[in-house]
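In what follows, residues are counted from 1 in the order of the sequence shown.
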Amino acid sequence: MTITQLQYVLAVAEYKNFTLAAEKCFVTQPTLSMQIQKVEEELGIQIFDRTKKPIQMTEIGQKIVNQAKNIVNEADRIQDIVHQQKGFIGGEFRLGIIPTIMPTLLPMFLNNFIKKYPKVKLIIEELHTEDIIVKLKNGHLDAAIAATPLNEEKIKEIVLYFEPFVAYIPENHGVFSKKEIEISDLNLDEILLLQDGHCFRDSILNLCKNDKNLENNNFKIKSGSFETLIKLADEGLGTTLLPYLHTLDLKEKDQTKLRHFVEPKPAREVSLIYPKNELKIHIIDALRSTIAGVIKGAIVFQNVQIISPKATK
């Protein structure tokens, strides 16, 4: 059997559909089906139960798929070894970034990175944390930038920086007169939150020790935009919390409405995460170094309290 055949097996195992797997592998469905059948004939077993919809793996098929992942990963590692030996930093690199980090961090490092490493073809996706974890485990991402800790067994984390939360308080609010605020000053019923799926929302709920079944008494909003939450706060509809880097781009008149927390400041841990097989680790190291260079000085807070990005149950 060949590496290509094993890649076809993995595609069907992931998508549970021969036609979709063929599209993802850029081959025709008959070609993919024939190659998988050859593997099954060679091994004398059936990897997939084609009578079920969606297609399911047989018991022995699951074991074959697990081993195929190891084989394909190790085959990819050979090219990695050659690149590292030659000092070559290049090729395709797939990077995921969560929505509450991408707009602020990406412009800070992207230009520096592509100038320093012009042979790397960066493919960047904005994804929620859950999607990132799935894609990392399935080999569809090489690395990602997300709020941590995630405590995922097959994923490594390298901390890039700690980013404090900053409160946005409209002028008509009672806390506006305070120079610094405490967590106890927050009224969760007044806080405008991002929609479900954003780990920044979960961090705020964890900070305030509340659950996710929260609805404003007068209205319910589903938004993935900090700008929308800021405008609603300005209309007197509540307060909101922002990541520190996002506050740097606010207009001067809005800067006056920001209130920092007393120390230890609640903050999120932002990390570069990647599979434990460490494929393309030379590019991961280059990316980490570039981000560290541009973030240095932008975030200088040390005394922080890390708030979990995971939703509490």
Side-chain angles (χ1 to χ4, degrees), residues 3-4 6-7 10-11 14 24-26 68-163 199 245 268-299:
I3 297 296
T4 300
L6 293 180
Q7 289 172 332
L10 293 179
E14 179 178 352
K24 298 297 182 179
C25 293
F26 304 104
K69 288 179 181 178
N70 295 333
I71 293 171
V72 171
N73 282 339
E74 291 306 312
D76 290 341
R77 194 185 301 279
I78 292 174
Q79 189 63 61
D80 261 10
I81 292 171
V82 173
H83 283 167
Q84 291 182 54
Q85 179 66 29
K86 293 180 177 180
F88 174 75
I89 299 180
E92 185 177 285
F93 190 82
R94 299 157 298 177
L95 178 69
I97 308 178
I98 63 172
T100 58
I101 290 177
M102 186 178 227
T104 51
L105 182 63
L106 185 62
M108 294 177 69
F109 77 82
L110 182 58
N111 196 36
N112 284 16
F113 184 83
I114 59 179
K115 284 182 177 179
K116 192 172 182 179
Y117 305 103
K119 294 181 180 179
V120 176
K121 180 183 178 183
L122 268 181
I123 299 174
I124 303 169
E125 284 188 82
E126 183 176 278
L127 299 163
H128 291 299
T129 303
E130 289 184 0
D131 296 324
I132 281 175
I133 291 171
V134 171
K135 288 202 168 195
L136 283 173
K137 290 181 176 179
N138 288 335
H140 296 318
L141 285 177
D142 298 305
I145 300 172
T148 54
L150 298 176
N151 300 317
E152 290 288 334
E153 183 181 351
K154 296 182 179 180
I155 294 176
K156 283 192 171 185
E157 304 174 359
I158 300 177
V159 177
L160 296 171
Y161 57 90
F162 302 111
E163 184 175 25
C199 60
L245 286 180
R268 64 176 174 179
E269 178 183 272
V270 176
S271 298
L272 186 59
I273 64 176
Y274 54 94
K276 284 190 175 180
N277 59 30
E278 296 190 351
L279 291 174
K280 302 186 181 180
I281 192 65
H282 52 303
I283 301 180
I284 292 171
D285 286 340
L287 189 61
R288 179 201 57 75
S289 177
T290 302
I291 294 174
V294 298
I295 206 72
K296 185 179 181 181
I299 297 183

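- Contact record, Leu127 with Lys135: CD1-CD, 3.9 Å, taken as the closest heavy-atom pair.
- Heavy atoms only, all atoms of each residue included: Asn138 and Glu14 are closest at ND2-OE2, 3.5 Å.
- Between the CD1 atom of Ile101 and the CG atom of Leu106 there is a distance of 11.5 Å, given to the nearest 0.5 Å.
- To the nearest 0.5 Å, atoms CG (Leu110) and CE (Met108) are separated by 12.5 Å.
- Proximity of a side-chain donor or acceptor of Lys154 to a complementary backbone N or O of Asn277 within less than 3.5 Å is not detected.
- Put simply, the residue from Leu95, Ile158, Val120 that forms a side chain to side chain contact (heavy atoms under 4.5 Å, CB included) with Leu287 is Leu95.
- Atom-to-atom distance recorded for Asp142:CG and Ile123:CD1 is 8.5 Å, nearest 0.5 angstrom.
- Counting heavy atoms from C-beta outward, Glu125 and Asp131 have side chains that stay 4.5 Å or more apart.
- Rounded to the nearest 0.5 Å, atoms CG (Leu279) and CD (Glu74) are 7.5 Å apart.
- Put simply, OG on Ser271 and CD1 on Ile155 are 11.5 Å apart, with the number rounded to the nearest 0.5 Å.
- Within 6.0 Å of NZ on Lys276 lie more than 12 heavy atoms contributed by other residues, nucleotides or ligands.
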Go through it in stages, so that I can follow the logic: the residues are Leu245 and Tyr161, the test is side-chain contact (heavy atoms from CB on, under 4.5 Å), and I'd like the CA-CA distance, side-chain angles, deciding distance and then a yes or no.
CA-CA 11 Å; Leu245 286 180; Tyr161 57 90; 3.8 Å; yes
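- Side-chain atoms of Lys69 never come within 3.5 Å of backbone atoms of Leu10 as a donor-acceptor pair (strictly under, hydrogens ignored).
- The side chain to side chain donor-acceptor pair (under 3.5 Å) contacts involving residues 284-293 comprise nothing, where partners must be two or more places apart or lie in separate chains.
- Of all heavy-atom pairs spanning Ile273 and Thr148, the tightest one is CG2-CG2, 3.9 Å.
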Check the pair Glu152, Leu136 against side-chain contact (heavy atoms from CB on, under 4.5 Å), reporting the backbone distance first and the verdict last.
CA-CA 11 Å; Glu152 290 288 334; Leu136 283 173; over 6 Å; no
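- At distances below 3.5 Å, at least one donor-acceptor pair connects side-chain atoms of Arg94 with backbone N or O atoms of Gly139.
- Atoms CD1 and NZ, from Ile281 and Lys156 in turn, are 7.0 Å apart once rounded to the nearest 0.5 Å.
- For Lys24, the salt bridge (charged side-chain N to carboxylate O under 4.0 Å, His left out) criterion is met by no residue, not counting sequence neighbours.
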Residues Tyr117, Leu122; criterion side-chain contact (heavy atoms from CB on, under 4.5 Å); working and verdict:
CA-CA 10 Å; Tyr117 305 103; Leu122 268 181; over 6 Å; no
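- When every heavy atom of Phe113 is checked against every heavy atom of Ala286, the shortest pair comes out as CE1-C, 3.9 Å.
- Between Leu105 and Ile97, every side-chain heavy-atom pair lies at or beyond the 4.5 Å cut-off.
- Across all non-hydrogen atoms, the minimal contact from Glu269 to Pro149 is OE2-N, 3.5 Å.
- In plain terms, the two heavy atoms of Ile145 and Val270 that are nearest each other are CG2-CG1, 3.8 Å.
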